[in-house]
Amino acid sequence: MEKRDIQISKSLSYLLRHGALKEKLTMDSNGYIPLQQLLMHNRLKTYKCTHEDVMRIVATNDKKRFDIKLIDGVECIAATQGHSIKNIQPDENVLTLIPKDTVLTHPLIHGTNMKGLEMILQSGFISKMQRNHIHLSPGVVGEDTNVISGMRKNSPVLIYLNTKTLVETGVLFKSLNEVFLTPKNISLSSFDHVVLRSKPESLPETIKTQLKNNKIEYQFKNI
């Protein structure tokens with residue numbers, strides 16, 4: 001992707017995920033904004049962004065971060081996940097609720113880094129932080145060819161979770177780009193195991209101790 005397209009994509013992500021209300025943009029409860037209104041915003045006008053630019057970026061985005069559709073005859077755009085705007089309350093057309101009796105045939109993985117893992121172990125749970133949901137991937141981005149989003153490709157820590165436990169919470173959803181989301185913090189008791197994409201000697205003793213104390217299995221995988 002060219003530098004200008006990356007800049008436009010980042011501007012779209014900010015406005016659609018975080019800044020719409022602050023920037024006084026018209027957003028519905030599913031997170032959709034009229035595309036023509038968005039094109040008039042200074043963040044996009046700075047890059048002389050056109051309708052064709054947005055359509056190209058949406059079509060070629062490798063993580064399918066954006067969705068465009070007609071709403072009452074008006075072309076609108078939304079981010080598929082990653083929101084921090086609290087007013088957004090997506091319906092079943094945007095987020096699919098996973099029924100409690102569903103048996104998932106793939107893993108649910110939370111990607112993070114070593115500092116993130118330390119914070120999770122200290123607090124006792126994975127937190128959604130400032131976002132509306134915790135993001136979970138149905139596989140490893142960059143390894144499983146059918147998995148495009150849900151974690152950073154280079155995440156050094158992969159937390160594999162107990163899928164049955166998460167499904168039974170009744171608040172597990174799937175986004176339009178196949179990312180699994182939950183608004184609830186995920187406790188350490190829901191951990192299955194942790195994969196560390198690093199050498200054993202790089203694991204701090206504090207984290208090693210916390211993993212053992214919480215009886216969380218872990219393994220190393222060099223990539």
Side-chain angles (χ1 to χ4, degrees), residues 1 6-7 9-19 22 61-65 79-86 88 106-144 147-163 165-166 169 171-175 177-223:
M1 187 181 287
I6 292 173
Q7 291 169 326
S9 181
K10 287 183 176 180
S11 293
L12 287 171
S13 289
Y14 166 72
L15 292 170
L16 294 170
R17 289 176 166 183
H18 314 295
K22 179 181 177 182
N61 187 272
D62 59 346
K63 293 195 172 185
K64 305 298 180 187
R65 288 189 175 97
T80 51
Q81 31 80 201
H83 302 90
S84 63
I85 300 171
K86 305 308 177 186
I88 295 178
H106 56 72
L108 289 177
I109 308 168
H110 180 70
T112 186
N113 53 35
M114 205 67 76
K115 183 178 179 181
L117 177 61
E118 185 173 23
M119 291 175 62
I120 289 167
L121 292 170
Q122 287 176 349
S123 66
F125 54 84
I126 300 173
S127 169
K128 63 184 179 181
M129 306 296 281
Q130 298 303 313
R131 296 198 178 188
N132 295 353
H133 300 95
I134 295 170
H135 292 192
L136 307 172
S137 176
V140 180
V141 175
E143 292 184 21
D144 299 318
V147 179
I148 62 171
S149 192
M151 66 171 70
R152 294 183 184 277
K153 187 176 180 179
N154 60 350
S155 293
V157 178
L158 306 176
I159 302 174
Y160 284 72
L161 300 160
N162 185 311
T163 57
T165 299
L166 292 181
T169 64
V171 287
L172 182 67
F173 302 86
K174 185 169 68 173
S175 69
N177 63 337
E178 305 293 318
V179 174
F180 285 76
L181 307 169
T182 180
K184 294 186 66 174
N185 293 336
I186 301 174
S187 70
L188 301 183
S189 62
S190 295
F191 286 26
D192 186 78
H193 67 281
V194 174
V195 173
L196 303 158
R197 300 159 109 181
S198 60
K199 295 180 179 179
E201 56 269 26
S202 68
L203 182 64
E205 286 298 323
T206 52
I207 293 181
K208 186 185 298 185
T209 299
Q210 288 174 323
L211 288 168
K212 288 183 176 179
N213 288 345
N214 286 286
K215 298 180 180 179
I216 299 172
E217 295 183 11
Y218 62 96
Q219 59 193 65
F220 295 91
K221 179 179 181 181
N222 288 323
I223 58 170

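- The two residues Gly82 and Arg131 come nearest to each other via the heavy atoms CA-NH1, 3.6 Å.
- Counting heavy atoms from C-beta on, the side chains of Ile216 and Ile159 never come closer than 4.5 Å.
- Between the CD1 atom in Ile126 and the OG atom in Ser187 there is a gap of 9.0 Å [rounded to 0.5 Å].
- Side-chain contact between Phe125 and Ser190 is absent, with no heavy atoms from C-beta onward closer than 4.5 Å.
- Ring geometry, Phe220 versus Tyr218: the interplanar angle exceeds 60°, so the pair is classed perpendicular (tilted spans 30 to 60°).
- Residues Pro156 and Asn113 share a closest heavy-atom pair of CG-CA, 3.6 Å.
- Closest of all the heavy-atom pairs between Ser155 and Arg197 is O-NH1, 2.8 Å.
- For His110 and Phe180, the distance between ring centers is not under 6.0 angstrom.
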Could you walk me through whether Val194 and Leu158 pass the side chain to side chain contact (heavy atoms under 4.5 Å, CB included) check?
CA-CA 6 Å; Val194 174; Leu158 306 176; over 6 Å; no
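- Of the inter-residue distances, the one linking Met129 atom CE with Asn185 atom CG reads 10.0 Å to the nearest 0.5 angstrom.
- Contact check on Glu178 versus Lys63 returns no salt bridge, with no Lys/Arg side-chain nitrogen under 4.0 Å from an Asp/Glu carboxylate oxygen.
- In this structure, Thr182 contributes its side chain and Val171 its backbone to a donor-acceptor pair below 3.5 Å.
- Ser198 places no side-chain N or O within 3.5 Å of a backbone atom of Ser202 that could act as its donor or acceptor partner.
- The distance from atom OG of Ser137 to atom OH of Tyr160, rounded to the nearest 0.5 Å, is 9.0 Å.
- Nearest heavy atom pair, residue Ser149 against residue Pro138, reads O-CD, 4.3 Å.
- Counting only distance, with no hydrogens or angles, the side chain of Ser123 and the backbone of Met119 share a donor-acceptor pair below 3.5 Å.
- In plain terms, the two heavy atoms of Arg17 and Gln81 that are nearest each other are NE-O, 2.9 Å.
- Between the Asn61 side chain and the Lys64 main chain, a donor and an acceptor come within less than 3.5 Å of each other.
- With hydrogens and angles ignored, the 3.5 Å screen pairs no side-chain donor or acceptor of Thr163 with any backbone N or O of Leu108.
- Put simply, the side chain of Arg65 does not reach to within 4.5 Å of the side chain of Leu16, judged on heavy atoms.
- Side-chain atoms of Leu121 and Thr206, non-hydrogen and from C-beta on, never get closer than 4.5 Å to each other.
- Using a cutoff of 4.0 Å between basic side-chain nitrogens and carboxylate oxygens, Lys115 and Glu118 are not scored as salt-bridged.
- Contact annotation: the side chain of Leu196 approaches that of Leu203 to within less than 4.5 Å [non-hydrogen atoms, C-beta and beyond].
- Side-chain contact between Gln122 and Gln210 is present, with at least one heavy-atom pair separated by less than 4.5 Å.
- Sparse packing is recorded around NZ of Lys199, with 12 or fewer heavy atoms of other residues, nucleotides or ligands lying under 6.0 Å away.
- The side-chain heavy atoms of Leu161 and Ile109, taken from C-beta on, include no pair separated by under 4.5 Å.
- Closest heavy-atom contact between His18 and Ser84: ND1-OG, 2.7 Å.
- Annotation: Gln219, atom CD; neighbour count of heavy atoms from other residues, nucleotides and ligands within 6.0 Å is above 12.
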